[in-house]
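Working notes for the structure below.
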Amino acid sequence: MPSEAEEATHVQRILDKHLEAPLSSSSPKTTREELAEVFDQSLRDLEDNPEEQEWKCTPLYQDIFRRVKQNDPSFQPKLITLVKELKENGSNETWKALKPFGMLFRETWNGSVEGHGVEGWTRLNAFAARLTNEELLNFDAYGIWAMRYALEDATLDDLGKVTGKVNEGELNPEILDRVIPAAAAWVTYAGTRMWKLSFEEKEWPRMMWGGPRWGRDKLGYSHERWKLWKDRFRGFSERSDLESHEVARKAYQEMSSIEKQES
């Protein structure tokens with residue numbers, strides 16, 4: 001049986017080949033089969049130890065997250081098709097349930113924009129939005145969080161402490177430029193889903209609380225909250241002090257387009 005280091009090296013080579021191939025000719029099925037050759041025997045050997053079996057594919061998932069942060073966003077569709085192939089046609093329940101993909105992604109996402117850098121943070125949010133839109137995993141709460149930080153004057157502090165604010169409770173331009181692109185990525189890759197969720201009447205989890213501009217006691221998606229986000233993007237698009245004003249403008253236009261298409 002290969003060592004963990006040998007498995008990790010083999011996984012890197014398989015993913016390198018998958019990502020280097022043109023999207024039109026890359027084969028998620030072939031990649032899945034090659035990954036199965038790496039992991040399936042050890043997964044079978046761990047059938048009597050479900051907890052250890054569940055974490056066996058951790059090196060693969062962590063390698064995917066690393067590539068999401070470091071690579072150009074054009075690579076993400078290839079990674080999404082691979083995750084979809086693993087979930088739909090995996091040779092065992094560990095693949096099909098994507099265990100513990102979601103938990104590991106949350107650990108990665110928790111690093112915040114300061115830890116990942118603006119590009120890495122934006123790419124992670126784009127990937128979460130794509131996964132959610134494809135219904136491979138549900139990260140709808142992450143969409144709320146991205147919007148809360150960028151558009152509701154919250155901070156990257158779950159206690160909601162007021163820091164880095166300027167007049168009338170608005171975040172400083174430096175902070176906004178770090179978080180607006182991630183919020184815009186959610187509109188780009190899961191905007192229609194977010195629009196539809198805003199009309200659902202349900203009991204939303206507490207984790208979907210609002211930032212100061214929306215209200216901490218207002219949870220989840222709603223049409224009124226969508227309108228606030230759209231108005232905020234429009235306002236930011238008109239601010240010359242923001243490097244991200246063009247990103248905000250495109251997000252505002254995309255939200256307007258979604259409203260027209262879905263009405």
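Heavy atoms only: backbone and side chains are in, while hydrogens, waters and symmetry mates are out. Since this is a predicted model, take the numbers as computed values, not measurements.
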Could you check whether the rings of [X] and [Y] sit parallel, tilted or perpendicular, using 30° and 60° as the cut-offs?
| X | Y | result |
| --- | --- | --- |
| Phe127 | Phe65 | perpendicular |
| Phe139 | Phe105 | tilted |
| Tyr61 | Phe101 | perpendicular |

Quick one about [Y] and [X] (side-chain donor to acceptor, distance below 3.5 Å, no hydrogens or angles considered), yes or no?
| X | Y | value |
| --- | --- | --- |
| Arg234 | Tyr252 | no |
| Gln261 | Ser257 | yes |
| Asn125 | Trp186 | yes |

Task: Pairing of Arg239 and Asp177 as salt bridge, 4.0 angstrom limit - done: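 Asp177 and Arg239: not salt-bridged.
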Open item on the list: Tell me the closest heavy-atom pair linking Ala150 and Leu176, and the distance in Å.
Closed with: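 The pair with the smallest heavy-atom distance is O-CD2, 3.5 Å.
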[X] [atom1]: over 12 foreign heavy atoms closer than 6.0 Å:
| X | atom1 | result |
| --- | --- | --- |
| Lys96 | NZ | yes |
| Glu34 | CD | yes |
| Glu203 | CD | no |

- [ ] For Arg32 and Asn89, indicate whether the former's side chain and the latter's backbone hold a donor-acceptor pair under 3.5 Å.
- [x] yes
Open item on the list: When you measure from the side chain of Arg130 to the backbone of Tyr189, do you find a donor-acceptor pair of N or O atoms at a distance under 3.5 Å?
Closed with: no
TODO: Only pairs at least two apart or in different chains count here, so list each salt bridge (Lys or Arg N to Asp or Glu O under 4.0 Å) that has a residue in residues 254-263.
DONE: Lys230-Glu259
- [ ] Check the pair Gln62 / Thr108 against side chain to side chain contact (heavy atoms under 4.5 Å, CB included), numbers first and verdict last.
- [x] CA-CA 8 Å; Gln62 289 179 332; Thr108 302; 5.9 Å; no
TODO: State plainly whether one hydrophobic cluster holds both Met255 and Phe236, where clusters connect Ile, Leu, Val, Met, Phe, Trp and Tyr through side-chain heavy atoms under 4.5 angstrom apart.
DONE: yes
Open item on the list: Using the rule that Ile, Leu, Val, Met, Phe, Trp and Tyr join whenever any side-chain heavy atoms are under 4.5 Å apart, tell me whether Ile175 and Val118 fall into a single cluster.
Closed with: yes
Open item on the list: Do Asp140 and Arg193 make a side-chain contact, defined as non-hydrogen atoms from C-beta onward lying under 4.5 Å apart?
Closed with: yes
Task: Candidate pair Trp195 and His223, rule ring pair (Phe, Tyr, Trp, His ring centres under 6.0 Å), full reasoning - done: CA-CA 8 Å; Trp195 166 259; His223 184 54; 5.5 Å; yes
TODO: I would like to know whether Trp209 and Trp214 meet ring pair (Phe, Tyr, Trp, His ring centres under 6.0 Å); could you show each step before the answer?
DONE: CA-CA 9 Å; Trp209 53 268; Trp214 175 241; over 10 Å; no
TODO: Report the C-alpha distance between Trp204 and Tyr221 in whole Å, list the side-chain angles of each, state the deciding distance to 0.1 Å, and finish with yes or no for ring pair (Phe, Tyr, Trp, His ring centres under 6.0 Å).
DONE: CA-CA 8 Å; Trp204 299 100; Tyr221 289 87; 5.6 Å; yes
